[in-house]
Amino acid sequence: METEETKSLNFIEHIIENDIAEGKHEKRVHTRFPPEPNGYLHIGHAKSICLNGGLAKKYNGKFNLRFDDTNPETEEVEYVNSIRNDVKWLGFQWNNEFNASDYFDQLYDYAVKLIEIGKAYVCSLTPEEVHEYRGNPTTPGKDSPDRNRSVVENLDLFTRMKNGEFCDGKYTLRAKIDMASTNMHFRDPALYRIRKKHHWKTGDKWNIYPMYDYAHGISDAIEGITHSICTLEFELHRPLYEWLNNTLETTHRPQQIEMSRLNITYTVMSKRKLMQLVNEKHVNGWDDPRMPTISGLRRRGYTPEAIRDFCERVGISKRENLIDASLLEFSVREDLNKKAPRFMGVLNPLKVVITNYPENQTEELEAVNNPEKPEDGSRKVPFSRELYIEQEDFMEVAEKKWFRLAPGAEVRLRYAYFITCQEFIKNENGKVMELRCTYDPASKGGNSPDGRKVKGTLHWVSAQHAITAEVRLYDRLFKTETPDKGEGDFKDLLNPDSMKVLTNTKLEPHMKTLTSGTSVQFERMGYFCVDKDTTKNHLVFNRTVTLKDTWAKESKK
RNA sequence: AGACCCAUGGUGUAAUGGUAGCACUGCACAUUUUGGUUGUGUAUGUCUAGGUUCGAGUCCUGGUGGGUUUACCA
């Protein structure tokens, strides 16, 4: 009998299971992901998608994608397409796709109803005056002079607002709640504003647009959403969310649940800041591999599986949190380790001549494609007299615990031979330009028949067979853990070395057939994926993440 | 300042009022034809003061610390 491990529940799952046990919401679970189409999705959104989509799946419920398009000034169809694409790529299929703008007619009717029952009025205060009248948390606000306008007059004015008779900003529709409430959102919040703007979906039909608070809760109710999950800053909006649905007596009464947003070290997570990085060209677009956007992570080589795993690991709670970037790296390494085929690629080539290897000889050596997946088989890699190895694999004077190449030292060339460094050649600047080594013909394949051990194994590539490629090495986007939290401009904290382009890397010949988007491991160096900038004659790789490097840590001591 | 929310190792997250666990990170060791992977071990934690209780990380009160809120953005 298999003992199924009972996984602990997060606080939202606790709520849902209680609700189901109590028969709330007819025991249904219906979630939604409600992005505003005014930017690209980032990893924080991924967390929300995984949560909402995952909850629906787990409790046999439904999951809606709803574009929260109530502000025609910032929203664009380009973003709509990228959002659909990103959600799908992450592995979530929504049951319904809606737009808040689908409900503009109903929303309008509800507003009329609010006016009719004396719970809303048309207000002529300017934004400055509204601010003045609102008071502050310790002092109550003042009633708008229009607060007691008659229902008839409100109805007339609201109709004329809709009909476009007034210019932008002339009037707003406000809920009539309580100007003395300690919750500022209860001090007669705006419900509608006049904006004579073209809307990407409804065109020029509307001259007035609903505010978020008004549209969101009602949209949830219309769709029969049961658990409306949002972030902590909406906590104070919840009473208004409930007031609206209760006052309007909507058929469904969804419950809003707030959780903390995702923060990760060395990056920023606000759409506004990401937009700035793009617009001011600090990065090369929304899908720059250094961006925490879903499209950026995808181009960097992150897999949907890795991102989902990460979102699972960070957990759900109501506390402020700052996730260590190494957790994201862990998730992608774990996934790619299982999947990525191995190749040998030399990032910074150092020429090696095997002096006792015949001049014109070439042989094909057998190399395993993925030690984690024996079923992936093996391939042949050409070997010849002149090779490239990694510059950092040779040290003129070996330090402690160094077991790579050094004068007189013997190492293994992976899947090839043992070689011993006999001499090295420097240029006039003292830089090592070439190594002259001898090989042990008996060690073919990488083992010596006499049982002799070597500590180091190096990757290599045959000089005459190698292909040249461009490799882009990425590092953290910012120099500090919390660029958000600094005093000055967060852009001053950008890491100037976040991208390093290598144009002369040498790869084993098989790699020329790799196509855009493919992830591979460069043995000993890391995981890389083929970038979309690749052309027939120009291969470009992005480094997704390095391998864990125990030596790098050791050498720093 | 008012209201609201939050407080568990370095980080994140668990624990019907009953043995504080898991993961990442760190460190050490073993294995290894990737200084990868894998395995083993180890370090560090319930903000504070009271109260309720046989028993409190959990419930109550005060304090402290952090967050949110005062847009015709979402």
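Any value given below was found using the heavy atoms of this structure, including those in side chains, with hydrogens, waters and symmetry copies removed. Below, chain A is the first sequence line, B the second, and so on; all start at residue 1.
- Side chain of A:Gln521, nearest nucleotide from B:rU34, B:rG26, B:rA74: B:rU34.
- Side-chain nitrogen and oxygen atoms of A:His237 include none within less than 4.0 Å of the OP1 or OP2 phosphate oxygen of B:rA3.
- Two rings, from A:Tyr212 and A:Tyr241, have their centers 6.0 Å or more apart.
- Between B:rA1 and B:rG65, the distance separating the two P atoms is 10 Å to the nearest Å.
- Side chain of A:Asp376 to backbone of A:Asn369: no donor-acceptor contact under 3.5 angstrom is found.
- Within 4.0 Å of A:Asn183, counting heavy atoms only, lies no atom of the nucleic acid at all.
- Of all nucleotides listed (B:rU37, B:rU70, B:rC24), B:rC24 comes nearest to the side chain of A:Phe330.
- The partner of B:rC29, taking Watson-Crick or G-U wobble pairs whose two distances both stay under 3.5 Å, is B:rG39.
- Figure legend. B:rU46 is base-paired to no nucleotide; pairs are counted as Watson-Crick or G-U wobble with both atom distances under 3.5 Å.
- Among the heavy atoms of the strands lying under 4.0 Å from A:Ser326 are primed sugar atoms or P, OP1, OP2 only; no base atom is included.
- When the P atom is compared between B:rU25 and B:rG12, the two are found 15 Å apart, to the nearest whole Å.
- B:rG41 and B:rA49 have their C1' atoms separated by 39 Å, with the value rounded to a whole Å.
- Spacing of P atoms, B:rA14 relative to B:rC54, comes out at 31 Å, to the nearest Å.
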- Message: A:Glu334 vs A:Ser331, test: side chain to side chain donor-acceptor pair (under 3.5 Å). Steps then yes/no.
- Response: CA-CA 5 Å; A:Glu334 189 182 56; A:Ser331 290; 5.9 Å; no
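- Distance noted for atom C1' between B:rA7 and B:rU13: 14 Å (whole Å).
- As rounded to whole Å, 13 Å separates atom P of B:rC4 from atom CZ of A:Phe186.
- Ring to ring, A:Phe541 and A:Phe522 are close: their centroids are under 6.0 angstrom apart.
- The main-chain N or O of A:Thr139 is found under 3.5 Å from a side-chain atom of A:Asn136 such that the two form a donor-acceptor pair.
- Both stacking criteria are satisfied for A:Trp551 over the base of B:rG35: a centre-to-centre distance under 5.5 angstrom and an angle between ring planes under 30 degrees.
- One finds a side-chain N or O of A:Arg319 lying less than 4.0 angstrom from the OP1 or OP2 phosphate oxygen of B:rU8.
- Comparing B:rG2, B:rU37, B:rU25 against the side chain of A:Glu372 picks out B:rU37 as the nearest.
- In this structure, A:Glu235 and A:Pro210 both approach RNA chain B, and ranking their closest nucleotides by distance from the 5' end singles out A:Glu235.
- For the P atoms, the distance linking B:rA15 with B:rU58 amounts to 14 Å, nearest Å.
- Side-chain atoms of A:Arg414 and A:Thr457 form no donor-acceptor pair, as typed in the model, at a separation below 3.5 Å.
- For A:Thr70 and B:rA74, the shortest distance from a side-chain N or O to OP1 or OP2 is below 4.0 Å.
- If you check B:rG18 for Watson-Crick or wobble pairing at under 3.5 angstrom, you find it paired to B:rC54.
- Put simply, A:Arg342 has no side-chain N or O that comes within less than 4.0 Å of OP1 or OP2 on B:rU34.
- Among B:rA14, B:rG35, B:rU69, the nucleotide with an atom closest to any side-chain atom of A:Asn10 is B:rA14.
- Here B:rC4 is the nucleotide among B:rA1, B:rC4, B:rC6 with the atom lying nearest to any side-chain atom of A:Leu236.
- Contacts of A:Ile316 with the nucleic acid, taken as non-hydrogen atoms under 4.0 Å apart, involve only primed sugar atoms and P, OP1 or OP2.
- Atom C1' of B:rG45 sits at a distance of 4 Å from the matching atom of B:rG9, rounded to the whole Å.
- As judged by a 4.0 angstrom heavy-atom cut-off over every strand, A:Glu233 is placed among residues touching the sugar-phosphate backbone only.
- For A:Arg193, counting side-chain heavy atoms from C-beta on, the closest listed nucleotide (B:rG12, B:rC72, B:rG2) is B:rC72.
- Look at A:Arg134 and you'll find a side-chain N or O under 4.0 angstrom from OP1 or OP2 of B:rC72.
- B:rC72 atom P lies 11 Å from atom CG of A:Asp213, rounded to whole Å.
- The A:Glu320 side chain lies nearest to B:rG67 when the options are B:rC73, B:rU68, B:rG67.
- Side-chain N/O atoms of A:Arg261 include none lying less than 4.0 angstrom from OP1 or OP2 on B:rU68.
- A donor-acceptor pair shorter than 3.5 Å cannot be found between the side chains of A:Asp484 and A:Thr482.
- As judged by a 4.0 angstrom heavy-atom cut-off over every strand, A:Pro34 is placed among residues making no nucleic acid contact.
- Across all strands shown, the partner of B:rA23 is B:rU11, judged by Watson-Crick or G-U wobble contacts whose two distances both fall under 3.5 Å.
- Base pairing of B:rC73 is not made with any nucleotide, judged by Watson-Crick or G-U wobble geometry with both donor-acceptor distances under 3.5 Å.
- Taking only side-chain atoms of A:Lys553, from C-beta outward, the nucleotide of B:rC27, B:rU70, B:rU34 with the closest atom is B:rC27.
- Of the P atoms belonging to B:rC4 and B:rU37, the separation is 49 Å, rounded to the nearest Å.
- Taking the side chain of A:Asn321 as heavy atoms from C-beta on, and the options B:rU13, B:rU34, B:rC72, the nearest nucleotide is B:rU13.
- In this structure, A:Arg193 contributes its side chain and A:Pro210 its backbone to a donor-acceptor pair below 3.5 Å.
- A sub-4.0 Å separation between OP1 or OP2 of B:rA71 and a side-chain N or O of A:His131 is present.
- Annotation: of the two residues near RNA chain B, A:Pro127 and A:Ser317, the 5′-most nearest-nucleotide partner is A:Ser317.
- B:rU68: Watson-Crick or G-U partner is B:rA3, with both key distances under 3.5 Å.
- Among B:rA14, B:rG36, B:rU68, the nucleotide with an atom closest to any side-chain atom of A:Lys548 is B:rG36.
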